[in-house]
Trainee: 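I'd like to ask you about the structure that follows.
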Amino acid sequence: MKIVIAGGTGQIGAILCRHFSAAGDEVVVVTRNPRPHSICRCVQWDGKTLCDWTRELEGADVVINLAGKSVNCRYGKENRREILKSRVDSVGAIRCALEKAKQPPPVWLQAATATIYAHRFDAANDELTGIIGGGEPNAPDTWRFSIDVAKAWEAAATESGLLPNTRTVIMRSAMTMSPDRGGIFAHLLGVVRFGVGGPTASGRQFVSWIHETDFVRAVRFLIENEDLSGVVNICSPNPLPNSEFMRELRRAWGTRIAFPTTRWMLEIGTFLMRSESELVLKSRRVVPARLLQHGFKFQFPYRFDAATELCARYRRQRNK
């Protein structure tokens with residue numbers, strides 16, 4: 001297959017490039033900052049303008065759009081503008097290019113986020129019955145901003161109707177766990193290794209996640225299953241409360257020391273790290289109903305098994 005990945009230089013893009021290239025697929029990364037790459041070819045774009053990069057879509061098997069400024073930052077005015085604009089502009093550019101292509105790829109996988117669902121503890125959010133967030137009483141402004149971005153991101157892909165020759169899938173993804181440096185798993189493991197990997201705040205908030213192997217397998221599953229379109233949740237079928245989520249990581253790493261992180265400690269820490277506490281405090285209880293209904297089998301459905309495998313690879317990489 002020829003796979004075009006827009007915004008493919010981040011953590012998720014690197015995971016997809018690595019796995020698809022290893023499988024023998026041709027991978028083309030469309031990026032603002034092309035640089036020599038050992039396993040894929042890079043093509044430049046600005047995330048909004050139709051130019052030479054659009055030729056890569058002709059005859060391709062799939063386009064995957066991951067483009068968007070990282071949300072791991074403070075939500076000040078300029079960052080808010082860039083977080084929203086980078087997502088909406090890139091989606092508009094991809095859609096316009098697909099409309100104009102003479103031989104467009106038959107499938108477009110568009111990144112989205114499981115953060116779009118409401119903060120809740122009572123039941124899991126699936127694609128059919130899940131509650132879209134934004135109306136929770138007393139929700140902080142930063143939480144509402146994240147929901148607004150998630151809605152606009154999806155709307156940019158779908159509000160103009162179906163594409164005539166390309167199946168569109170909106171991937172509402174949870175945190176993807178890989179042992180890569182700078183990723184969310186490495187960050188969480190660092191917290192555990194420093195002895196502060198206990199519950200965060202109340203520890204009741206749910207964490208939705210997915211092992212990188214299952215994420216890549218789910219992406220390929222979406223490419224190959226022509227009857228799947230629209231919104232699909234990409235996450236493990238077993239979200240956990242934060243307290244249990246961190247306990248399983250500690251168990252996998254083999255440590256017992258676990259001081260909790262209070263809310264005021266978290267607020268100070270995220271401020272100093274130039275991030276937002278919303279990324280940790282919001283309860284994301286999401287399940288992949290459509291994947292399961294269509295027969296997808298998870299290799300790592302449970303947190304402990306996933307964490308054990310990731311910890312082992314992390315140790316091997318560190319000891320190289």
Trainee: Go through it in stages, so that I can follow the logic: the residues are V192 and T255, the test is side-chain contact (heavy atoms from CB on, under 4.5 Å), and I'd like the CA-CA distance, side-chain angles, deciding distance and then a yes or no.
Mentor: CA-CA 8 Å; V192 166; T255 185; 3.4 Å; yes
Trainee: Checking one residue: F121. Which other hydrophobic residues are in its cluster under the side-chain 4.5 Å linking rule?
Mentor: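 Besides F121, the hydrophobic cluster comprises F206, listed by chain and residue number.
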Trainee: Looking at residues at least two apart in the chain, or sitting in another chain, which of them share a side chain to side chain contact (heavy atoms under 4.5 Å, CB included) with A97?
Mentor: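 With sequence neighbours excluded, A97 shows a side chain to side chain contact (heavy atoms under 4.5 Å, CB included) to L50, W53, T54, L57, given in chain and number order.
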Trainee: Backbone N or O of S283 within a donor-acceptor pair of the H119 side chain at under 3.5 Å?
Mentor: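 Yes, the answer is positive, given that a donor and an acceptor are paired below the 3.5 Å cut-off.
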Trainee: With a 4.5 Å limit on heavy-atom distance, are the side chains of V63 and I5 in contact?
Mentor: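 No, every pair of side-chain atoms sits at 4.5 Å or beyond.
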Trainee: Are any side-chain N or O atoms of E127 and backbone N or O atoms of V231, one a donor and one an acceptor, separated by less than 3.5 Å?
Mentor: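 Here the side-chain-to-backbone pair does not exist.
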Trainee: Once side chain to side chain donor-acceptor pair (under 3.5 Å) is applied, what residue pairs with a partner in residues 130-141 remain, sequence neighbours excluded?
Mentor: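 Found R80-D141.
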Trainee: Okay, side chain of S86, backbone of K69: is any donor-acceptor separation there less than 3.5 Å?
Mentor: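 A pair under 3.5 Å: yes.
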Trainee: If I take atom CG from residue N242 and atom CG from residue L281, how far apart are they, to the nearest 0.5 angstrom?
Mentor: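 Going from CG on N242 over to CG on L281, the span is 9.0 Å.
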Trainee: Taking ring pair (Phe, Tyr, Trp, His ring centres under 6.0 Å) as the cut-off, I'd like each qualifying pair that reaches into residues 87-109, sequence neighbours left out, listed once.
Mentor: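 Non-adjacent pairs meeting ring pair (Phe, Tyr, Trp, His ring centres under 6.0 Å): zero.
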Trainee: Could you tell me whether D46 and K48 make a salt bridge, using a distance below 4.0 angstrom between a side-chain N and a carboxylate O?
Mentor: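 Not counted as a salt bridge, because no side-chain N and carboxylate O are separated by less than 4.0 Å.
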Trainee: Scan residues 148-169 for pairs that pass ring pair (Phe, Tyr, Trp, His ring centres under 6.0 Å), counting only residues two or more places apart or in two chains.
Mentor: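 Every candidate ring pair (Phe, Tyr, Trp, His ring centres under 6.0 Å) pair involving residues 148-169 fails, so no pair, neighbours aside, qualifies.
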Trainee: Strictly below 4.0 Å, N to O, side chains only: are E82 and K85 in salt-bridge contact?
Mentor: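 Answer for the salt bridge query: no.
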Trainee: Locate the shortest heavy-atom distance separating S178 from Q11; write the atom from each residue and the value.
Mentor: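 Taking every non-hydrogen atom into account, OG-NE2, 3.2 Å.
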Trainee: Hey, does the side chain of N79 reach the backbone of Y75 with a donor-acceptor pair shorter than 3.5 angstrom?
Mentor: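 Looks like no, no N/O pair under 3.5 Å.
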Trainee: Among all residues two or more places apart in sequence or in another chain, which pass the side chain to side chain donor-acceptor pair (under 3.5 Å) test with T200?
Mentor: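 So T200 forms no side chain to side chain donor-acceptor pair (under 3.5 Å) with any residue.
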Trainee: Got a salt bridge between D180 and R313, using NZ or NE/NH1/NH2 to carboxylate O under 4.0 Å?
Mentor: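 Salt bridge: no.
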Trainee: Salt bridge or not between R81 and E78? Use side-chain N to carboxylate O under 4.0 Å.
Mentor: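 Yes, R81 and E78 are salt-bridged.
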Trainee: With a 3.5 Å distance limit and no angle check, can you tell me whether S208 reaches the backbone of C235 through a side-chain donor-acceptor pair?
Mentor: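 Answer holds: no.
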Trainee: Applying side-chain contact (heavy atoms from CB on, under 4.5 Å) to V169 and Q110, what does each step give before you reach the verdict?
Mentor: CA-CA 6 Å; V169 180; Q110 174 56 51; over 6 Å; no
Trainee: With distance as the sole test, does K151 use its side chain to make a donor-acceptor pair with the main-chain N or O of I116 at under 3.5 Å?
Mentor: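 Looks like no, no N/O pair under 3.5 Å.
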Trainee: Partners of R74 by side chain to side chain contact (heavy atoms under 4.5 Å, CB included), sequence neighbours excluded?
Mentor: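 Partners of R74 by the side chain to side chain contact (heavy atoms under 4.5 Å, CB included) criterion, ordered by chain and then number, come out as T270, F271, R274, E276.
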Trainee: Would you call R95 and L163 a side-chain contact if the rule is heavy atoms closer than 4.5 Å?
Mentor: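 Contact flag for R95/L163 side chains = yes.
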Trainee: Is I12 reachable from V149 through a run of I, L, V, M, F, W or Y residues, each pair having side-chain heavy atoms under 4.5 Å apart?
Mentor: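 The answer is no; the residues belong to distinct hydrophobic clusters.
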Trainee: Check whether any side-chain heavy atom of I83 lies under 4.5 Å from a side-chain heavy atom of S70, and answer yes or no.
Mentor: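 No - every pair of side-chain heavy atoms lies 4.5 Å or more apart.
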Trainee: With side chains defined as the heavy atoms from C-beta onward, is the minimum distance between R220 and F20 less than 4.5 Å?
Mentor: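 They are in contact (side-chain heavy atoms under 4.5 Å apart), so the answer is yes.
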Trainee: Going by the side chain to side chain donor-acceptor pair (under 3.5 Å) test, which pairs reach into residues 181-195, not counting sequence neighbours?
Mentor: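 Every side chain to side chain donor-acceptor pair (under 3.5 Å) pair that includes a residue of residues 181-195, provided the two are not neighbours, is R193-Y314.
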Trainee: Report the C-alpha separation of S90 and W45 in whole Å, then their side-chain angles, then the decisive distance to 0.1 Å, and conclude whether the side-chain contact (heavy atoms from CB on, under 4.5 Å) test is met.
Mentor: CA-CA 10 Å; S90 68; W45 78 336; 3.7 Å; yes
Trainee: With R172, which residues qualify under side chain to side chain donor-acceptor pair (under 3.5 Å), at least two apart?
Mentor: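 Side chain to side chain donor-acceptor pair (under 3.5 Å) check on R172 returns Y117, E154.
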Trainee: Determine whether a donor-acceptor pair (N or O, by modelled atom type, separation under 3.5 Å) exists between the side chain of R250 and the backbone of R256.
Mentor: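 Between the backbone of R256 and the side chain of R250 there is no qualifying donor-acceptor contact (under 3.5 Å).
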Trainee: Any side-chain to backbone donor/acceptor pair from T166 onto P106? Under 3.5 Å, distance only.
Mentor: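 Absent.
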Trainee: If you count every heavy atom of other residues, nucleotides or ligands that lies below 6.0 Å from I257 atom CD1, does the total exceed 12?
Mentor: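 No, CD1 of I257 has 12 or fewer neighbouring heavy atoms, counting only those of other groups under 6.0 Å.
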Trainee: Which atom names give the shortest non-hydrogen contact between P288 and P237, and what distance separates them?
Mentor: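 So the minimum-distance heavy-atom pair works out to CD-CA, 3.5 Å.
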Trainee: Can E212 and H19 be counted as having a side-chain donor-acceptor contact under 3.5 angstrom?
Mentor: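 Side chains of E212 and H19: pair found under 3.5 Å.
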Trainee: Taking it one step at a time, do N238 and F298 satisfy side-chain contact (heavy atoms from CB on, under 4.5 Å)?
Mentor: CA-CA 11 Å; N238 296 295; F298 284 84; over 6 Å; no
Trainee: With sequence neighbours left out, what residues match V29 under side chain to side chain contact (heavy atoms under 4.5 Å, CB included)?
Mentor: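 Scan of V29 (side chain to side chain contact (heavy atoms under 4.5 Å, CB included), adjacent residues dropped) gives T9, C17, V27, T31, C40, C42.
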Trainee: With heavy-atom distances below 4.5 Å as the criterion, would you say the side chains of F296 and L292 are in contact?
Mentor: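 Answer no - side chains too far apart.
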Trainee: Please answer whether the main-chain N or O of V207 pairs with a side-chain N or O of R284 as donor and acceptor at a distance below 3.5 Å.
Mentor: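 No; judged by distance alone, with no hydrogens or angles, the pair does not exist.
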Trainee: Checking side-chain contact (heavy atoms from CB on, under 4.5 Å) against T129, which of I131, D126, N125 comes through?
Mentor: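 Checked I131, D126, N125 against T129; only one passes side-chain contact (heavy atoms from CB on, under 4.5 Å): D126.
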Trainee: List the atom of C311, the atom of L189, and the distance in Å for their closest heavy-atom pair.
Mentor: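 Shortest heavy-atom separation between C311 and L189 comes out as SG-CD1, 4.2 Å.
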Trainee: Can you give me the closest heavy-atom contact between V286 and P239, atom names plus distance?
Mentor: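 What the structure gives for the nearest pair is O-CG, 3.7 Å.
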Trainee: Judged by atom type as modelled, is there a donor-acceptor pair below 3.5 Å linking the side chain of R167 to the main-chain atoms of L228?
Mentor: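 Such a contact is found between R167 side chain and L228 backbone.
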Trainee: Between D227 and R290, what is the shortest heavy-atom contact and its length?
Mentor: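 Smallest interatomic distance, heavy atoms only, reads O-NH2, 4.4 Å.
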Trainee: Does T158 have any side chain to side chain contact (heavy atoms under 4.5 Å, CB included) partners at least two apart in sequence or in another chain, and if so, which?
Mentor: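 Here the qualifying residues are I170.
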Trainee: Give me each pair satisfying side chain to side chain donor-acceptor pair (under 3.5 Å) with a member in residues 292-308, each pair once, sequence neighbours excluded.
Mentor: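 Non-adjacent pairs meeting side chain to side chain donor-acceptor pair (under 3.5 Å): zero.
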